[in-house]
Amino acid sequence: MAPYESDESTTAEEADDLRAGRRKAARYVVPAAVVGVAAATIGLVPALADSGDPNLPKISAQQLIDKIAKSDVQQMSGTVKISTDLGLPDLGGLESSLMSGATKSGDGSSADPTSKLTELATGTHTLRVASDGPDRQKVSLLENAAEYSLIHNGKDVWGYDSQSNEVYHSTAADSADAHKKQDVPATPKDFTEDALKSVDDTTSVSVQGTAQVAGRDAYRLVVKPKQSGSTVGQITVSVDAKTGMPLKFTLTPSSGGAAVIDAGFTKVSFARPSASTFDFTPPKGAKVTEDGKSEHGRSEHGFKGGDRAPRSGKDLAKGTEGAKGADGMKVLGKGWNSIATFDTGGQGMPSGSAAGGKFGGILNSLGDKVSGTFGSGTIFKTRLINALITDDGKVYVGAVNKDALVKAADAGK
Amino acid sequence: MSRAEATTDSVTTEPTGGAVRAPRPLWTFGLLRSELLTTFRRWRTLALLAVLAAVPILVGIAVKIETSDGSSVGGGGPDGGGGGPAFISQITNNGLFLVFTALAATLPFFLPMAIGVVAGDAIAGEANAGTLRYLLVAPAGRTRLLLTKYATVLAFCLVGTLTVAVSALTVGAVLFPLGDLTTISGTQISFADGLGRALLIALVVAASLVGIAALGLFVSTLTSSGIAAMATTVGLLITVQILDQIPQLHAIQPYFFSHYWLSFADLMREPIYWDDLVKNLGLQGLYAAVFGSAAWARFTAKDITA
């Protein structure tokens with residue numbers, strides 16, 4: 001018995017042949033339809049799932065800020081997606097060596113939190129956070145087939161890099177302040193607290209509608225600088241309507257385009273994470289780097305450095321914290337337009353990149369030459385932070401545009 | 001073929017209503033069984049499985065030799081352990097990690113290449129050898145034959161993956177210590193739990209190959225040359241792997257069948273991170289549906305001349 005399809009086509013006449021051919025072609029409708037349905041599903045489901053902005057009772061900006069301040073979420077876990085686009089070229093390893101050089105702690109262990117968390121400064125990353133009271137937190141940076149975890153459990157702080165099987169250990173027993181600092185860095189909450197610290201008469205704060213973040217109803221708080229000249233366009237914070245915890249933080253530059261910092265929960269749960277999440281014993285054969293008591297200061301510095309790296313933008317916008325960070329640094333102006341300035345002592349290059357001599361030549365070619373009554377200098381631009389390095393070695397850095405930097409340099413002369 | 005003939009006889013003695021005679025359901029399994037036997041008895045298939053089994057042996061011995069002087073894999077250093085397939089730095093501490101390393105090492109190329117050979121050969125190889133028309137003489141129908149062929153290829157996906165996993169587990173147990181293991185999130189799980197995850201990972205890896213199996217089967221229906229079908233399938237695999245590395249193409253990369261392959265490592269996180277795993281399985285299902293139906297459209301409408 002011959003296969004029936006070919007039977008048909010071989011015995012059929014001309015007209016039947018044509019019809020059979022058409023019927024054959026019609027079979028290809030099936031795969032085409034599958035592709036079509038799949039494309040429609042991929043395109044439409046997110047649009048349909050977006051059920052519109054939730055209806056929430058009206059709330060004033062001040063009430064919302066109070067709500068954030070009062071928010072005391074002790075137990076939560078979730079997944080955070082953080083994208084940073086400072087407009088820097090992706091320097092990869094060069095940049096991280098530069099940054100760990102700047103925070104003076106690149107001592108080699110790949111499990112050192114400083115070197116790891118500075119990776120957040122560029123690109124898109126997925127973090128997992130879990131917290132159970134003030135004594136137990138965990139942050140994991142999800143990498144390709146590997147993970148970097150920073151676990152705080154009671155007295156111990158562990159860093160574990162599964163890729164190289166290296167462990168970093170320090171005891172953070174004595175300072176409650178250190179605990180605060182390590183408390184889930186890089187979450188929308190941290191960003192928000194920093195942003196709200198800078199709220200003063202130079203800032204306008206308003207509640208603009210509602211949004212859904214990670215399946216929860218949230219208010220949208222918009223923070224905007226009033227002065228012109230800042231590179232910060234606006235900051236949008238989505239605040240969970242129930243708990244008052246910030247769920248999403250977006251900083252858009254005044255120049256428009258994609259957000260400079262976009263950190264938000266994609267999943268969040270306020271249930272208590274299982275206790276085993278915070279248990280850590282160094283695996284067999286792992287290389288453990290102890291951060292001894294003598295070096296304790298360095299460790300704290302490390303945490304702060306790592307903490308600050310992704311939000312250096314706002315630190316400088318505020319000016320004050322940046323001023324604490326480096327000796328001999330002055331802050332000009334106030335609010336969003338404050339500019340940090342320091343003298344490198346006639347080197348003409350920022351001290352931070354002194355570690356990267358290899359970097360100096362490239363830096364010069366990246367900048368724009370400017371001149372004014374202060375003399376002449378070079379401007380280095382990113383989407384958020386601009387820096388002016390004068391030829392006599394003074395550095396002006398701020399989240400302000402080029403004109404404001406030149407004006408500050410002129411005034412400083 | 002004695003069974004097939006017997007079935008044919010019994011079917012032809014029944015009065016037939018239409019052009020298509022209804023075969024007995026058991027006939028499908030008979031066909032599947034004979035297909036499986038034919039496939040797994042081929043020297044070619046056995047050689048492929050031997051190559052797959054050899055990969056973990058080589059990796060295990062290499063790691064053993066490199067670390068015999070007490071040094072760590074990759075030599076340590078500031079960025080130490082960055083090279084090599086995933087999990088390789090953990091093997092010396094726990095042999096079970098050799099399973100994960102071996103799967104991570106074979107998934108990008110060896111496994112899909114073996115699948116490409118078997119899938120590409122499925123229809124085109126029969127046509128090439130002139131046996132396809134004899135298969136179609138049996139009253140199985142083309143759709144049924146195609147499904148049987150696809151089921152055989154999927155069985156090979158599973159057997160190939162398990163070959164790698166079992167070989168890796170054996171080598172790992174012989175060369176390295178076993179015991180409780182640390183997940184990549186830093187939490188500890190028991191050895192039994194670890195074995196369970198290894199099995200789950202092997203199943204996910206096998207499922208990751210469903211897409212290329214369907215693609216290979218479709219290519220196989222396009223030509224009557226077995227070699228051409230295998231070469232095309234493996235060529236497509238390499239092309240997609242290369243395109244997946246080009247950053248400028250990031251917009252279309254999530255739709256490549258190989259894009260989420262290494263997401264099986266997410267099963268070693270605690271808690272398990274499902275997002276990419278679900279995307280991977282969904283994508284494989286989509287490829288299977290699209291290319292499976294395309295293969296059906298082609299094969300059922302094709303003139304069989306060989």
Side-chain angles (χ1 to χ4, degrees), chain A residues 1-10 20 23-35 38 77 79 93 97 106-110 115 126 128 138 140 142 144-147 149 151 158 160-167 266-267 274 276-287, chain B residues 8 12 19-21 72-74 76-82 85-87 89-90 92-94 100 104 133 136-139 141-142 177 179 181-188 218 262-266 268-271 273 275 286 289-298 300-304:
Chain A
M1 188 190 88
Y4 60 92
E5 285 90 351
S6 49
D7 248 353
E8 255 174 24
S9 60
T10 46
R23 207 161 349 131
K24 281 180 189 174
R27 290 176 190 268
Y28 288 96
V29 170
V30 178
V34 174
V35 172
S77 58
T79 310
S97 73
D107 71 342
S109 171
S110 65
S115 57
T126 307
R128 270 183 160 177
K138 178 169 178 174
S140 307
L142 269 55
N144 248 347
E147 193 166 321
S149 312
I151 303 160
W158 297 97
Y160 175 59
D161 182 18
S162 81
Q163 174 113 41
S164 57
N165 202 22
E166 285 183 24
V167 175
T266 53
K267 272 196 198 99
S274 81
S276 66
T277 310
F278 306 103
D279 287 341
F280 183 78
T281 34
K284 271 183 295 174
K287 185 180 136 200
Chain B
T8 313
T12 41
V20 190
R21 300 170 202 184
S72 69
V73 185
D79 312 311
F87 305 114
S89 62
Q90 318 260 32
T92 44
N93 313 312
N94 197 324
F100 311 137
R133 56 179 133 180
L136 291 173
V137 164
R142 296 191 180 193
L181 67 163
T182 307
T183 64
I184 56 179
S185 299
T187 54
Q188 293 243 324
F218 172 59
L262 287 180
S263 67
F264 75 83
D266 289 346
M268 281 304 289
R269 301 188 200 279
E270 185 65 50
Y273 184 67
D275 291 22
L286 181 62
V290 171
F291 286 102
S293 59
W296 168 80
R298 167 73 188 162
T300 52
K302 185 182 173 187
D303 287 342
I304 306 295

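A note on names: the letters A, B, ... follow the listed sequences, proteins ahead of strands, and every chain is numbered from 1.
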Which bit of [X] comes within less than 4.5 Å of chain A, counting heavy atoms only: side chain, backbone, both or neither?
{"X": "B/N94", "answer": "neither"}
{"X": "B/S263", "answer": "neither"}
{"X": "B/S293", "answer": "both"}
{"X": "B/Y273", "answer": "both"}
{"X": "B/Q188", "answer": "side chain"}

For chain B, find which of A/V30, A/I151, A/L142 contributes the most heavy-atom pairs closer than 4.5 angstrom.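 Max contact count across the listed options: A/L142.
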Atom of [X], atom of [Y] and distance for their closest heavy-atom approach:
{"X": "B/F218", "Y": "B/R298", "answer": "CE1-CB, 4.5 Å"}
{"X": "B/G186", "Y": "A/F280", "answer": "O-CD1, 3.0 Å"}
{"X": "A/S162", "Y": "B/S89", "answer": "O-OG, 3.9 Å"}

Testing the 3.5 Å rule here: is there a donor-acceptor pair between the side chains of A/S274 and A/S276?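 Yes - a donor-acceptor pair under 3.5 Å links their side chains.
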Not counting sequence neighbours, which residues clear side-chain hydrogen bond (donor to acceptor under 3.5 Å, both in side chains) with A/S77? List them please.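 Here no residue qualifies.
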Using a cut-off of under 4.5 Å on heavy-atom pairs, state which of B/S185, B/A294, B/A104 scores highest against chain A.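 Answer, by heavy-atom pair count under 4.5 Å with chain A: B/S185.
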Please identify, among B/G179, B/A265, B/P177, B/P271, the residue contributing the most non-hydrogen atom pairs under 4.5 Å to chain A.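 Among the listed options, the one with the most contacts to chain A is B/P271.
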Applying salt bridge (Lys or Arg N to Asp or Glu O under 4.0 Å), name anything that partners B/R269, two or more places apart in sequence or on another chain.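 Listed in chain order: A/E147, B/D266.
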Distance check, rounded to the nearest 0.5 Å: B/T183 atom OG1 versus B/E270 atom CD?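 So the OG1 of B/T183 and the CD of B/E270 are separated by 5.5 Å.
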Report which part of [X] has an atom under 4.5 Å of a heavy atom belonging to chain B: side chain, backbone, both, or neither.
{"X": "A/D279", "result": "backbone"}
{"X": "A/S149", "result": "side chain"}
{"X": "A/T277", "result": "backbone"}

Criterion side chain to side chain contact (heavy atoms under 4.5 Å, CB included) on B/Q90 and B/L181, from CA distance to verdict: CA-CA 9 Å; B/Q90 318 260 32; B/L181 67 163; over 6 Å; no
